[in-house]
Amino acid sequence: MKTIGIIAEFNPFHRGHKHLIDEAKRLTQADFCIALMSGNFVQRGSPALINKYLRTRMALLNGIDLVIELPVVYATGSAEYFSRGAVRLFDKLGVVDFLCFGSECGEIEILKKTAAQFSDESPAFQKNLQTQLKKGLSFPHARSLAIDSPSQSSCENKSLPITSSLTAALANASLANASLATAPNNILAIEYLKALSFFDSKIDPVTIKRKGAGYHDEQAASASILRKLLSNELPGELPSELPSGLNNPKLEKGMPGELPSGCPSWNELVPENTLPLYDYNGETSFCDINSFSDLLYYKLTLNADSGYTQFFDVSKDLSDKIRKNLAAYSGYESFIHALKSKDLTYLRISRCLNHILLDIFKNDVTLFIDNDYVFYARMLGFRESAGTLLKAIKANSALPLLSKLADAEKLLDKVGLKMLKKDIQAAHIYDRTINEYTAPIIKH
């Protein structure tokens with residue numbers, strides 16, 4: 001039995017995800033595919049557009065056999081924490097043969113060499129990195145410029161080391177004007193490979209080249225366009241291909257003007273079997289970051305006197321900046337922009353505020369990491385044809401497979417329960433109408 005592992009957010013599910021699943025199965029000839037999916041809050045520091053149960057149903061309709069929730073402390077972390085938490089969970093599951101992921105490069109050996117070089121952080125590398133960061137560059141960009149050796153690389157010649165001439169390497173891979181270590185899917189790919197090496201995992205990595213560019217980029221722009229269309233952020237009328245069943249109140253209002261040039265149709269963005277789920281009997285709600293503006297303000301006010309450095313990833317500089325600007329707070333997203341600067345990116349601030357909102361503390365994350373990262377695999381849904389896979393997990397996993405939260409007390413120790421309670425709290429904050437203890441596992 002061969003099994004693929006895919007780390008995903010499906011925020012929301014689109015044709016790029018379907019392409020990744022289909023290609024992963026074709027390349028590996030695997031029997032089963034497990035998705036380790038972020039819950040109701042995602043890595044970019046925001047709530048998921050659609051709740052995790054509906055995204056689970058979309059995944060099961062499109063080739064995923066089992067959906068497991070990535071614990072929120074890792075789902076909302078930086079690329080390194082996100083990747084290590086996910087890889088460790090797959091490693092402990094005991095049945096995953098391949099970790100499959102998309103990348104702009106599409107060349108696994110190039111990505112492996114880059115990951116190896118970033119893992120070997122020499123004093124010179126660290127010095128160069130700090131120099132670039134002080135210039136106000138983002139961490140991925142600063143890191144790509146901080147590599148020690150100036151020699152060149154090519155996607156065609158895999159015997160050459162990856163070096164600071166990353167743009168040249170990508171030009172040979174038909175990705176001119178991009179940087180290997182700063183393209184978003186490459187960043188995660190490199191972190192996955194670093195995590196596999198860090199844990200000395202026997203899971204084989206497989207990368208699939210991201211298709212297209214711009215609006216028609218199947219593995220990047222599709223999710224962005226969908227989020228904007230569904231949250232009524234794009235100007236213009238809805239595409240004519242919009243199915244009649246998709247009658248979310250926000251969409252019924254319509255959008256004045258024309259869609260941006262080159263914007264794909266609904267049928268190009270979303271698998272046909274997924275379209276009806278965007279209605280979900282007229283009850284689907286699409287969540288955005290400003291839905292939590294009042295709650296975030298309450299949390300920030302509550303901790304204003306002591307500051308915010310007790311929360312995960314919040315530096316003293318950012319804590320002081322939050323306190324200084326709190327009086328001018330007018331909303332979640334506008335506050336991020338108010339705090340943004342050359343050395344504090346939008347995504348970094350968004351993640352930090354998310355940690356404050358969800359009570360994710362530095363000491364808790366340290367406790368989890370010191371105790372080997374993950375303590376359970378919580379099922380969100382499975383295909384009824386995946387019985388063989390579930391039996392294999394129960395026989396080989398070092399983690400309890402949670403299907404009922406009521407069983408957690410007897411299956412987990414105090415550290416595991418502490419992590420699980422973070423997941424439950426985050427879910428309840430996201431949607432008070434869903435009771436995590438009674439919500440059914442999705443079956444297909």
Side-chain angles (χ1 to χ4, degrees), residues 1-10 13 17-39 52-71 74-75 85-102 192 195-196 199-208 271 273-274 277 372-408 410-412 416 420 423 439-444:
M1 184 184 82
K2 292 182 181 179
T3 303
I4 301 164
I6 290 176
I7 302 164
E9 293 180 332
F10 298 145
F13 196 96
H17 296 129
K18 174 67 172 169
H19 170 74
L20 176 66
I21 295 165
D22 291 345
E23 278 294 286
K25 288 183 173 180
R26 184 184 68 81
L27 290 171
T28 63
Q29 294 296 296
D31 303 287
F32 296 104
C33 186
I34 302 173
L36 182 53
M37 189 184 79
S38 299
K52 60 188 177 184
Y53 297 107
L54 188 51
R55 285 183 287 126
T56 293
R57 191 177 297 277
M58 292 175 178
L60 296 177
L61 281 169
N62 288 281
I64 297 296
D65 297 289
L66 171 65
V67 180
I68 293 173
E69 182 175 2
L70 178 63
Y74 302 121
V87 166
R88 193 55 176 155
L89 197 156
F90 269 151
D91 219 26
K92 285 187 170 186
L93 214 54
V95 298
V96 177
D97 301 290
F98 307 100
L99 177 62
C100 297
F101 46 85
Y192 294 150
L196 289 170
F199 294 115
D200 195 22
S201 174
K202 292 181 171 58
I203 297 173
D204 289 327
V206 176
T207 192
I208 295 163
N273 63 7
T274 305
L277 295 180
D372 206 11
Y373 285 83
V374 290
F375 316 100
Y376 54 85
R378 186 187 174 194
M379 287 197 299
L380 293 178
F382 64 94
R383 293 174 68 93
E384 293 189 351
S385 59
T388 302
L389 174 63
L390 295 177
K391 288 179 183 178
I393 292 173
K394 289 177 182 177
N396 294 282
S397 179
L399 302 171
L401 191 61
L402 287 181
S403 57
K404 295 180 181 178
L405 287 181
D407 296 335
K410 57 187 178 185
L411 293 174
L412 304 181
L420 182 62
D423 295 344
I441 289 176
I442 306 298
K443 299 179 183 180
H444 176 68

Practice problem: Start with the C-alpha gap between Lys18 and Asp22, add the side-chain angles, then the distance that decides, and say whether salt bridge (Lys or Arg N to Asp or Glu O under 4.0 Å) holds. | Solution: CA-CA 6 Å; Lys18 174 67 172 169; Asp22 291 345; 3.5 Å; yes
For Arg383, is there any backbone N or O sitting under 3.5 Å from a side-chain donor or acceptor partner on Asp65? no
Going by atom type alone, with no hydrogens or angles, which donor-acceptor pairs under 3.5 Å involve a side-chain atom of residues 384-404 and a protein atom two or more places apart or on another chain?
residue, atom, partner, partner atom, Å
Asn396, ND2, Ala392, O, 2.7
Ser397, OG, Leu399, N, 2.9
Ser397, OG, Leu399, O, 2.8

When every non-hydrogen atom of Phe10 is compared with those of Ala35, the smallest separation belongs to CE1-CB, 3.9 Å
### Message
Between Ile6 and Leu36, is there a side-chain heavy-atom distance shorter than 4.5 Å?
### Response
no
Residue set satisfying side-chain hydrogen bond (donor to acceptor under 3.5 Å, both in side chains) with Asp31, at least two apart, ordered chain then number -> none
Sorted by chain and number, sequence neighbours left out, side-chain contact (heavy atoms from CB on, under 4.5 Å) with Leu405 holds for Arg378, Leu420, Ile424, Glu436, Tyr437
For Arg88, the salt bridge (Lys or Arg N to Asp or Glu O under 4.0 Å) test, sequence neighbours excluded, returns Asp91, Asp372
Flag for Tyr376-Asp407: side-chain donor and acceptor within less than 3.5 Å:
no
Heavy-atom donor-acceptor pair, Asn273 side chain to Asn62 backbone, under 3.5 Å: no
Val67 and Ala59 have their tightest heavy-atom pair at CG2-CB, 4.2 Å
* To do: Flag the pair Ile442 / Leu54 as yes when at least one side-chain heavy-atom distance between them is below 4.5 Å, and no otherwise.
  => no
Between Ser38 and Glu9 the two heavy atoms that sit nearest each other are OG-CG, 3.5 Å
Hits for side-chain contact (heavy atoms from CB on, under 4.5 Å) against Asp97, two or more places apart or cross-chain, chain-then-number order -> Lys2, Thr3
In terms of heavy-atom contacts, Ala377 and Leu89 come closest through CB-CD2, 4.3 Å
Measuring only between side-chain heavy atoms, which start at C-beta, is Lys202 closer than 4.5 Å to Leu196?
no
**Request:** Any chance you could lay out the side chain to side chain contact (heavy atoms under 4.5 Å, CB included) test for Lys52 and Leu380, step after step, and finish with the verdict?
**Result:** CA-CA 8 Å; Lys52 60 188 177 184; Leu380 293 178; 4.2 Å; yes
Taken in chain and number order and not counting sequence neighbours, the residues that satisfy ring-ring contact (aromatic ring centres under 6.0 Å, His included) with Phe101 are Tyr192
Distance col, row Thr28:OG1 vs Leu99:CG, nearest 0.5 angstrom, shows 11.5 Å
Discussion item. Determine whether Phe98 and Leu27 satisfy the following criterion, side chain to side chain contact (heavy atoms under 4.5 Å, CB included), listing intermediate values before the conclusion.
Written reply: CA-CA 10 Å; Phe98 307 100; Leu27 290 171; over 6 Å; no
Can you tell if the side chain of Leu66 reaches within under 4.5 Å of the side chain of Cys33, non-hydrogen atoms only? no
Checklist entry - Going by heavy atoms in the side chains, are Ile441 and Phe382 under 4.5 Å from each other? => result yes
Taking every heavy atom of Gly102 against every heavy atom of Thr207, the minimum-distance pair comes out as C-OG1, 3.9 Å
Taken to the nearest 0.5 Å, the spacing of Ile21 CD1 from Glu23 CD works out to 12.0 Å
Any donor-acceptor pair under 3.5 Å from Tyr373 side chain to Ala86 backbone: no
Between Leu412 and Phe375, the two heavy atoms sitting closest are CD2-O, 3.4 Å
dist Phe199:CZ -> Lys92:NZ (nearest 0.5 Å) comes out at 8.5 Å
A side-chain contact here means heavy atoms from C-beta on lying under 4.5 Å apart; do Ile34 and Phe90 qualify?
yes
With a 4.5 Å limit on heavy-atom distance, are the side chains of Arg55 and Met37 in contact?
yes
